[in-house]
Amino acid sequence: MAKVISIQEQDYNLADEVALLEQDNDCDGAVVTFTGRVRNKNEGLKVSGLYLEHYPGMTEKSLEKIIAIANQRWSLGRVRVIHRIGQLAIGEQIVFVGVTSMHRKDAFAAAEFIMDYLKVQAPFWKKELTEQGEKWLDAKTSDNNKAKQWQSSE
Amino acid sequence: MAKVISIQEQDYNLADEVALLEQDNDCDGAVVTFTGRVRNKNEGLKVSGLYLEHYPGMTEKSLEKIIAIANQRWSLGRVRVIHRIGQLAIGEQIVFVGVTSMHRKDAFAAAEFIMDYLKVQAPFWKKELTEQGEKWLDAKTSDNNKAKQWQSSE
Amino acid sequence: MIKIIFFAALREQLGCGDYQLSATEASTVAEVKAKLVALNPQWQSTFENQSLLSAVNHDMVSGEHKVKAGDEVAFFPPVTGG
Amino acid sequence: MIKIIFFAALREQLGCGDYQLSATEASTVAEVKAKLVALNPQWQSTFENQSLLSAVNHDMVSGEHKVKAGDEVAFFPPVTGG
């Protein structure tokens, strides 16, 4: 498995990322991508943007570990993770996970697994800019529960 | 839910399709895409290309039904399905499924569900061009089993 | 009339893409199949294939499904798209 | 020395991004926390938050984890990326 992880302020181009996943890779028939974007609403409040902080060094290490676990569980071709940091406006891309595999089941499972674990283990924090001012987001119990489900399933 | 289905010979541009899924859509934070491509090998044989036949009319109806079921099961924003027909070379895109949702779990589940049902219900047939000549592909038991799993889960 | 169409490997095996029967000749999908074999004995082994699927007016159906004049009946192998 | 860093809401609540302790002042992550509160009593309520997470040298750890000179100890709220 080949993997590339980027933590960056600047935007990225989805088509370029998918092209890199597919280039010279005629054995993987399945490509799954996940894109997370800044929503205009959260918990009923109008949101005008996000600020994303992270823990440099630990972030990359944490994502490496998550991808290594995914690679043990499923047969993967290439994995690409991009997470943006800093100030982001509504509709902007926050996170990209791209996975290729010979089999669609593996590509789907690994992409979702990586997102689920990223959500509860990778040291990123979101501060939301709402009509009522700035607010650090609280972690969601549902995200913890979703990550835990991978321990029992299959 | 807004959905668009296309059955076409010509190629499509992934970035354009994702842009349409995201355009004026600031409430859906999650976008999942699946791309199926022509592999260079199948069951040990070197493949040089595929020919895809379908049943015009039934194909669209079948995909409409599959998407309608997905939309009843999960909370979906937009759904886009493209399936190519005719002659396809190694590495070319065969099928695209794009799903947006407020929640990543729904987007992942619906995209995988649509692919799993497309595989066993939509009237497409692949003829493989291998080093040993042309050969219509046999349906896979594993695809049937995978589609059946959705009946019991959740 | 009932319009009958064949797809993919089935069409190639039969050497035929479509067929017509009078609505009086068959009242179910299974009877359509039996009639086709009766009229074309060389098709028998091909239609004995248990995995063949059938659709009436673009909906997948089983052998007991009724057919009537104007229906489009399709026979084809298990699908392999995606 | 042990290097200590704080992130996100925790950093803002403490009004402080990093800190240093001598390696003789604490031998576990829990002791680091206790020492920080002892030296800065106004931080007590903030550090009583049970949901705070800790990492040593970029690995998530629990309170019993040993610390030694040169370690980087981080405290932060539950993560909310993605």
Side-chain angles (χ1 to χ4, degrees), chain B residues 5 7 34-39 42-43 50-66 81-86 88 93-97 111-128 134-144 146-147, chain C residues 1-21 23 26 28-30 32-33 36 42-82:
Chain B
I5 296 168
I7 314 296
F34 175 83
T35 302
R37 305 164 66 225
V38 183
R39 287 197 282 160
N42 195 23
E43 291 165 16
L50 279 186
Y51 176 79
L52 258 149
E53 177 172 333
H54 80 126
Y55 180 178
M58 177 166 173
T59 316
E60 293 80 355
K61 194 171 176 180
S62 159
L63 292 172
E64 297 256 359
K65 269 196 238 171
I66 294 168
V81 175
I82 306 175
H83 203 299
R84 294 179 65 200
I85 51 173
L88 298 177
Q93 312 180 101
I94 306 170
V95 58
F96 173 83
V97 173
E112 190 166 12
F113 174 91
I114 290 167
M115 271 310 301
D116 286 354
Y117 271 69
L118 181 157
K119 279 263 177 190
V120 297
Q121 295 196 340
F124 293 100
W125 300 273
K126 281 193 193 116
K127 184 190 262 182
E128 225 167 46
E134 295 187 350
K135 183 181 173 297
W136 288 101
L137 286 190
D138 288 323
K140 286 190 220 144
T141 315
S142 59
D143 282 329
N144 267 305
K146 191 160 179 352
Chain C
M1 299 300 280
I2 297 168
K3 182 183 178 192
I4 300 158
I5 45 181
F6 310 116
F7 286 99
L10 178 64
R11 186 191 61 246
E12 292 189 355
Q13 281 159 30
L14 302 180
C16 168
D18 53 87
Y19 209 94
Q20 293 220 331
L21 286 181
T28 66
V29 169
V32 168
K33 220 191 266 191
L36 289 172
Q42 76 279 19
W43 290 0
Q44 179 159 11
S45 64
T46 301
F47 273 108
E48 271 169 358
N49 182 343
Q50 296 299 316
S51 67
L52 273 192
L53 301 176
S54 37
V56 171
N57 301 331
H58 298 160
D59 282 317
M60 211 90 89
V61 298
S62 61
E64 308 89 67
H65 192 90
K66 299 279 178 212
V67 294
K68 59 180 194 310
D71 278 355
E72 177 171 300
V73 180
F75 294 102
F76 44 79
V79 303
T80 56

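A, B, ... follow the sequence lines: proteins, then strands. Residue 1 opens every chain.
Heavy atoms closer than 4.5 Å to chain B are found in the side chain of C:Ile5, but not in its backbone.
When all heavy atoms are compared, the tightest approach of B:Leu118 to C:Gly81 is CD2-C, 4.1 Å.
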List, with distances to 0.1 Å, the donor-acceptor pairs found between chain C and chain B - the cut-off being under 3.5 Å and no angle criterion applied.
unit_1  : atom_1 : unit_2   : atom_2 : d
C:Ala8  : N      : B:Glu53  : OE2    : 2.8
C:Arg11 : NH1    : B:Glu53  : OE1    : 3.0
C:Arg11 : NH1    : B:Glu53  : OE2    : 2.4
C:Arg11 : NH2    : B:Glu53  : OE1    : 3.0
C:Glu12 : OE1    : B:Trp136 : NE1    : 2.9
C:Glu12 : OE2    : B:Lys127 : NZ     : 2.6
C:Asn57 : O      : B:Lys61  : NZ     : 3.1
C:Asp59 : OD1    : B:Lys65  : NZ     : 2.6
C:Asp59 : OD2    : B:Lys61  : NZ     : 3.2
C:Glu72 : OE2    : B:Tyr55  : OH     : 2.5
C:Pro77 : O      : B:Trp125 : NE1    : 2.9
C:Thr80 : N      : B:Phe124 : O      : 2.8
C:Thr80 : O      : B:Lys126 : NZ     : 3.3
C:Thr80 : OG1    : B:Lys126 : N      : 2.9
C:Gly81 : N      : B:Phe124 : O      : 3.4
C:Gly81 : O      : B:Lys119 : NZ     : 3.4
C:Gly82 : N      : B:His83  : NE2    : 2.9
C:Gly82 : O      : B:Lys126 : NZ     : 2.6

